[in-house]
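First comes the structure, then the notes that go with it.
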Number of protein chains: 2
Amino acid sequence: MSRPPPDPAEPRVTLAQVARAAGVSEITASRALRDAANVAPRTLEQVRAAARALDYVPNRMAGALAGGASRQVAVVLPSLSNSVFADVLRGLETRLDHAGHHPILGVSNYDPEQEERLIRDLLSWRPAGIVIAPAASTEGTRRMLAQSGLPVVEIMDIDPPPIDTAVGLSQRAAGRAMAAHLTGRGYRRFAYLGHDIAADPRALARLEGLRAGLADVRARFEEVLTLPGPSSVPLGREGLAALLARRAPGGLAVCFSNDDMAVGAMFHCMAAGLAVPGDVALAGFNGLAIGQALPQPLTSIASMRDRIGAVAADTLLARLRGEEPARSIDVGFALIPGATA
Amino acid sequence: MSRPPPDPAEPRVTLAQVARAAGVSEITASRALRDAANVAPRTLEQVRAAARALDYVPNRMAGALAGGASRQVAVVLPSLSNSVFADVLRGLETRLDHAGHHPILGVSNYDPEQEERLIRDLLSWRPAGIVIAPAASTEGTRRMLAQSGLPVVEIMDIDPPPIDTAVGLSQRAAGRAMAAHLTGRGYRRFAYLGHDIAADPRALARLEGLRAGLADVRARFEEVLTLPGPSSVPLGREGLAALLARRAPGGLAVCFSNDDMAVGAMFHCMAAGLAVPGDVALAGFNGLAIGQALPQPLTSIASMRDRIGAVAADTLLARLRGEEPARSIDVGFALIPGATA
DNA sequence: ATTTTCATTGACAGCGCTGTCATCGCCATG
DNA sequence: CATGGCGATGACAGCGCTGTCAATGAAAAT
């Protein structure tokens, strides 16, 4: 059982070798392997055969350096802890891959400093563009992105003025829509339960939308509780337990920063024998599959995350082709009435 | 509201300009910005100041081409649909980032052809190494990886003979452990409910482990049901409903390919008024947070996914430093007794 | 038959950086 | 005071590829 030799003098096959084997010049081989235009069919075949025979793997770094665009796309996400950004990433990767592009990934953990450093690092790979779900970005970050001269697609929220292009939904409008739904159903007592909001500008925007919506009917949150740490099922479960230790349930509608929190809250109600929505009403956000598979489907707002990823990729690719897509693309959201509020 | 000028003649700052501004040669500037060794403190400061003043962003493609290693790591995952690989990716990214490396991501969708194409593509970026959670890999894939001369870390399962290095757990042993747990608790009727198994070699390995464990007490699955599509909460819910349309629940223990399926099944039981584990016992796999936050914690096996990602990264980095870590690293697993079986 | 056109091919330079080796002082040593 | 050693710096070449423009020859046009 010996490890394959680390191949210290690794003599990688180069384009020059392929060209020699095919009996043509380097540049002709290069063209044959790319455009295929302006190359005689016979030559084309020879070059392809030689490449195949030698197991040639092009060196795209050299290619990108020499002239072509890089075909790598920097992707900066604030988190991979719940499925939200995993969904976005999936949509992104699929579409980029189809176009022969690949994501270089960075996760900022909602830390503006880390985000800035990350962007600086990723930019040094000279990507063709950048897709970012911003944390509370620093001024330096914005300047760097603007000055990079690259297409920049900011995803998730379309309300803040984009540096270049935005793809997502109006987080604020989503918040308002949920508030309207809840007040429309007759609820008059409200609480908010979220993860650490300071770091997550979109959760904050939704909260503000909720507040604005409640204010429309002169209602307000009795309590806004934010817990440290990323949103998660256990956090929602613990959170609701803590909240209900202080507040009478009767007719209280609780809004969550994310479906996973709401699902955890639902579990608490099940375990504590509380009727939903009779004793407590629960409203989530994102329309995750898990919420819809609950015995009672969760009241939520579908956020079409894979769509955001896909559209972000398409928008970026369009800009790379020199087109001028809209500065701001609203992929919308949909209220899911569910049965928990 | 005008888009920032696409900067057609984008004159990016180069090392040469920094060197000129600092009044030193290119190579000295290069050294100052990297090693900092063998550079006079005064020169060092001048170069750094110049770089800062010019907003210099190094071009690592050129750097990698010229000599240094690439500091990009190809990462190939079969899916991002459930949190399993998102967790792994998170662990990977964190550790790689700390070491100044970045993942280039590819998702194979459990398709061997796509996986092979993906690897070919990613290899053309001349990464420093590759981390892969293999689908049912083709012979071509294995050859390509072996001949690449790069460190290759295969993650998730340590049973198949690794091309180079493996980090994960014994999927088969995990299956056996669960079987032993269930038979030990007295269950004698068993069923298996999974997602499309043909494409997922690890789920298959676990199933075989389960079978082997059951065989130890002369038991076997009454039914092995695999549903098309990736594992998900709704799929588990529908799946159990379908299964119980054919099988009497009384004392049946159902094993799932993943916790999300089991959680869906739990929801079905709640909705259908079935007692768990009285009428049906449920056993998942992976120890996802959601399963543990259920009113009754799910019987499962914790698979330490972020740990796998972190260890995979560390192993790769160690190989890049020229060390010789073990060929196979077992991060283990832990049975979670839970309360559903 | 002569000129024009076009498809095909190649020579050359250079992308931005780093490894290698040479050079230059300056200091400590005898 | 001569010598060796060493820290600091730079010249040069080249990583593997592609854009640009020129050269070639054969087909098309006159």
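Naming: A, B, ... by sequence-line order, numbering from 1 per chain.
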Q.
For a side chain to side chain donor-acceptor pair (under 3.5 Å) check, start with the C-alpha distance between B:Glu115 and B:Ser137, then their side-chain angles and the critical distance, and finish with the verdict.
A. CA-CA 7 Å; B:Glu115 184 178 77; B:Ser137 305; 2.8 Å; yes

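Between chain B and DNA chain D, the heavy-atom contact criterion of under 4.0 Å yields a 5' to 3' nucleotide range of D:dA8 to D:dG16.
For A:Arg117, the CZ atom counts as densely surrounded, since its 6.0 Å shell holds more than 12 non-hydrogen atoms of other residues, nucleotides or ligands.
Remark on DNA chain C: of its neighbouring residues A:Gly67 and A:Leu44, the 5'-side contact belongs to A:Leu44, judged by nearest-heavy-atom nucleotide. Heavy-atom nearest nucleotides on DNA chain C were determined for B:Ala66 and for B:Arg31, and the one closer to the 5' end corresponds to B:Ala66. Place B:Glu26 and B:Ala62 on DNA chain D by their nearest nucleotides, and B:Glu26 ends up nearer the 5' end.
Contact check on B:Glu45 versus B:Arg52 returns a salt bridge, with a Lys/Arg side-chain nitrogen under 4.0 Å from an Asp/Glu carboxylate oxygen. Note on A:Arg319 versus A:Asp164: salt bridge recorded, some NZ/NE/NH1/NH2 to OD/OE distance being below 4.0 Å.
For the residue pair B:Thr138 / B:Glu113, no side-chain donor-acceptor distance below 3.5 Å is found, with atom types taken as modelled. At a cut-off of 3.5 Å, with distance as the only test, a side-chain donor of A:Ser124 or B:Arg60 sits close to an acceptor on the other residue.
Rotation axes derived from the C1' atoms of the five outermost pairs at either end of the helix from C:dA1-D:dT30 to C:dG30-D:dC1 lie 40° apart, to the nearest 10°.
No contact: B:Arg60 has no heavy atom under 4.0 Å from any strand. Within the nucleic acid shown, A:Asn38 comes within 4.0 Å of at least one base atom, counting heavy atoms only.
The minimum heavy-atom distance between B:Ser30 and B:Leu15, with the atom names listed, is CB-CD2, 3.6 Å.
A side-chain hydrogen bond (donor to acceptor under 3.5 Å, both in side chains) with A:Asp121 holds for exactly one of B:His101, B:His102, B:Arg71; it is B:His102.
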